[in-house]
**Student:** 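This structure is in structure tokens; I'll ask about it shortly.
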Amino acid sequence: MLGGAEGGARVGSGGLELPPGDEGHEGGSADVPPGTVSLARPMETNSIGPELDWDAEAWREVRTRAQRAGRAYIWLNLVEQRLRAVVAAVLRPIYEPVHGDDWVVAAAGPAGQEWVQRAVAVREVSRRKGYLLDPADDNVVSFLTLPQLRELMVQHWPCFEPYFDDRRDVELALDELEVTRNVVSRNRALSEAVLNQAERASGRLLEMLGTSGDVPSARRLPVDAVEDLVGDRYADVVAVHTDRVRLLRQFPAEDIFDGARRIDAIGIGLNLLVQNFSGRRLVRLAEAGARVRLLFLNPASSAVKRRERELGMKRGELSRAVEMNILHMRRVRARLRDPGAFQIQVYDETPRFTAYLVDGDGTDGIAVIQSYLRRMRGMEAPVLVLRNGNRVVKSGEVDEGGLFAAYREEFELAWADSRPVS
């Protein structure tokens, strides 16, 4: 019977008396009779369980973790692939003629029987489940970890010794990578200090393993593993700095200009070169055969006056600074046996950018570029660092060139329209 007794009680089909509804509803009652089964009412949604949303600070933290882990993973991946190739190249000719496909098991010997058998088992599981997407990975070496590859090298060091100068250097570099490898494999937080150590160790190890790279400018600006892999996304831009202070902190003027065979620079006062690279070093560069072309904004031009007004400088302040820089470079030129190797010219057009093209006539060129912004002095303006001839071109694409060529062409046009300084 669905209808309740006196008092508005309601009986369910199971014979249990249901609790009354809220007051004000039909059949409701403020009194709950004895024996009534109470049903839990739903809680408010915002009071269930812990807070699941991440705030902005949490998102910044996880993005930072992901960026560091991603960089570390790329370096570790490069090292591991290179070490696999080296181990296979050295040990395969020794063991494969006798043991065939089991040459890795034979090379591991009794001491490595446990981990090499585990690698064999993982390979079989990967085969069965279709995880081997590339036939080139269908070998036991591809399933060895970095410590196991190292163990093979240590066990057979006399075989590897002819290819390395110092065994201790190799082992120290691998030791430095071990912390990073454990952190990345378990998706834990990686500090910036450990990441920097891993990148340095990876670079040293790759160089020892015979992969120092074929980019000549790597001597001046080492090729970054991430740059090398995703360079097609950013043309030939290899670094962006918010201002010149941060540029010089990471890429000092000594690294930019030292050892250059050619320096072409255009700007207003060229402070990056004139005030951060000594005249004695410029003399040594020129005497060693370097060719230098410096293009200043004419300190007597109306363009200087407009720039002074933009920056809120006193009248004549900028023009005097440019004159001082030109005089300093003239003194440098006067000390040379061949003044023709050190050319100074001025232009009268509106300055659009400052550019320092180092070895810009070859594929190993480096460029430092800053645009002139209305209210920012050169020290405060954003900086681009470019590498010539290093853009990744995918198959089917036409190489349209990067930014380096555009700025080099602008320099040549401005140089042709400028006047020499006596």
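All of these numbers come straight from a predicted model, not from anything done at the bench.
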**Student:** Asp236 and Asn388: side-chain donor and acceptor closer than 3.5 Å?
**Tutor:**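 No, Asn388 and Asp236 have no side-chain donor paired with an acceptor closer than 3.5 Å.
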**Student:** Go through it in stages, so that I can follow the logic: the residues are Ile366 and Phe251, the test is side chain to side chain contact (heavy atoms under 4.5 Å, CB included), and I'd like the CA-CA distance, side-chain angles, deciding distance and then a yes or no.
**Tutor:** CA-CA 12 Å; Ile366 295 294; Phe251 196 16; 4.1 Å; yes
**Student:** Glu412 and Arg293: salt bridge (Lys or Arg N to Asp or Glu O under 4.0 Å), yes or no, with the steps?
**Tutor:** CA-CA 10 Å; Glu412 295 296 344; Arg293 292 188 295 174; 2.7 Å; yes
**Student:** Using salt bridge (Lys or Arg N to Asp or Glu O under 4.0 Å), reason through Arg337 and Glu287 one step at a time and then give a plain yes or no.
**Tutor:** CA-CA 8 Å; Arg337 291 191 296 269; Glu287 294 293 353; 2.9 Å; yes
**Student:** After noting the C-alpha distance and the side-chain angles of Glu80 and Arg84, does the key distance pass the salt bridge (Lys or Arg N to Asp or Glu O under 4.0 Å) rule?
**Tutor:** CA-CA 6 Å; Glu80 188 168 300; Arg84 285 175 185 168; 2.5 Å; yes
**Student:** Carefully, step by step, assess Val274 and Met324 under the rule side chain to side chain contact (heavy atoms under 4.5 Å, CB included).
**Tutor:** CA-CA 10 Å; Val274 177; Met324 292 297 295; over 6 Å; no
**Student:** Roughly how far, to the nearest 0.5 Å, is the CG atom of Leu294 from the CH2 atom of Trp415?
**Tutor:**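 Here the interatomic distance stands at 7.0 Å.
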**Student:** How close do Met153 and Phe160 get, counting heavy atoms only, and between which atoms?
**Tutor:** CA-CE1, 3.7 Å
**Student:** Within the structure provided, determine whether Leu144 and Trp115 are in side-chain contact (heavy-atom separation under 4.5 Å).
**Tutor:** yes
**Student:** Locate the shortest heavy-atom distance separating Leu177 from Ala201; write the atom from each residue and the value.
**Tutor:** CD2-CB, 4.1 Å
**Student:** Could you tell me whether the side chain of Arg123 reaches within less than 4.5 Å of the side chain of Ser142, counting heavy atoms only?
**Tutor:** no
**Student:** How close do Ile268 and Tyr347 get, heavy atom to heavy atom, and via which atoms?
**Tutor:**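 Here Ile268 and Tyr347 meet closest at N-OH, 4.3 Å.
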**Student:** Between Val283 and Leu336, is any pair of side-chain heavy atoms under 4.5 Å apart?
**Tutor:** yes
**Student:** Hey, are the side chains of Glu207 and Arg204 touching, using non-hydrogen atoms and a 4.5 Å cut-off?
**Tutor:**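 With C-beta onward as the side chain, the pair stays apart.
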**Student:** Run the salt bridge (Lys or Arg N to Asp or Glu O under 4.0 Å) test on Glu124 and Arg127 for me, step by step, so that the C-alpha distance in whole Å, both residues' side-chain angles and the decisive distance to 0.1 Å come before the verdict.
**Tutor:** CA-CA 5 Å; Glu124 292 304 319; Arg127 273 178 167 178; 3.2 Å; yes
**Student:** Taking 4.0 angstrom as the limit, do Arg181 and Glu178 come out as a salt bridge?
**Tutor:**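 Yes, Arg181 and Glu178 are salt-bridged.
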**Student:** May I ask you to test the Leu327-Arg330 pair for a side-chain heavy-atom distance under 4.5 Å?
**Tutor:**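 Sidechains of Arg330 and Leu327: in contact.
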**Student:** Quick check for you: to the nearest 0.5 Å, what is the distance between Arg200 atom CZ and Glu176 atom CD?
**Tutor:**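 Rounded to the nearest 0.5 Å, the CZ-CD separation comes to 7.5 Å.
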**Student:** When rounded to the nearest 0.5 angstrom, what is the spacing between CZ in Arg387 and CZ in Phe404?
**Tutor:**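 Going from CZ on Arg387 over to CZ on Phe404, the span is 11.0 Å.
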**Student:** Salt bridge check, Asp264 against Arg408: does any charged N sit closer than 4.0 Å to a carboxylate O?
**Tutor:**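 No, Arg408 and Asp264 are not salt-bridged.
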**Student:** If the test is side chain to side chain contact (heavy atoms under 4.5 Å, CB included), which one of Leu285, Asp359, Ile256, Leu357 qualifies with Ile263?
**Tutor:**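 Among Leu285, Asp359, Ile256, Leu357, the one meeting side chain to side chain contact (heavy atoms under 4.5 Å, CB included) with Ile263 is Leu285.
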**Student:** Between atom CZ of Arg82 and atom CE of Met208, what is the distance when rounded to the nearest 0.5 Å?
**Tutor:** 12.5 Å
**Student:** Between Asp338 and Arg291, does any NZ, NE, NH1 or NH2 come within less than 4.0 Å of an OD or OE carboxylate oxygen?
**Tutor:** yes
**Student:** Let me have the donor-acceptor pairs involving side chains of residues 91-114, under 3.5 Å, with sequence neighbours excluded, atom names and distances please.
**Tutor:**
unit_1: Arg92; atom_1: NH1; unit_2: Glu96; atom_2: OE2; d: 3.2
unit_1: Tyr95; atom_1: OH; unit_2: His156; atom_2: NE2; d: 2.8

**Student:** Show, in sequence, the C-alpha distance, side-chain angles and deciding distance for Glu171 and Val154, and conclude whether the side chain to side chain contact (heavy atoms under 4.5 Å, CB included) test is met.
**Tutor:** CA-CA 9 Å; Glu171 293 202 67; Val154 171; 4.0 Å; yes
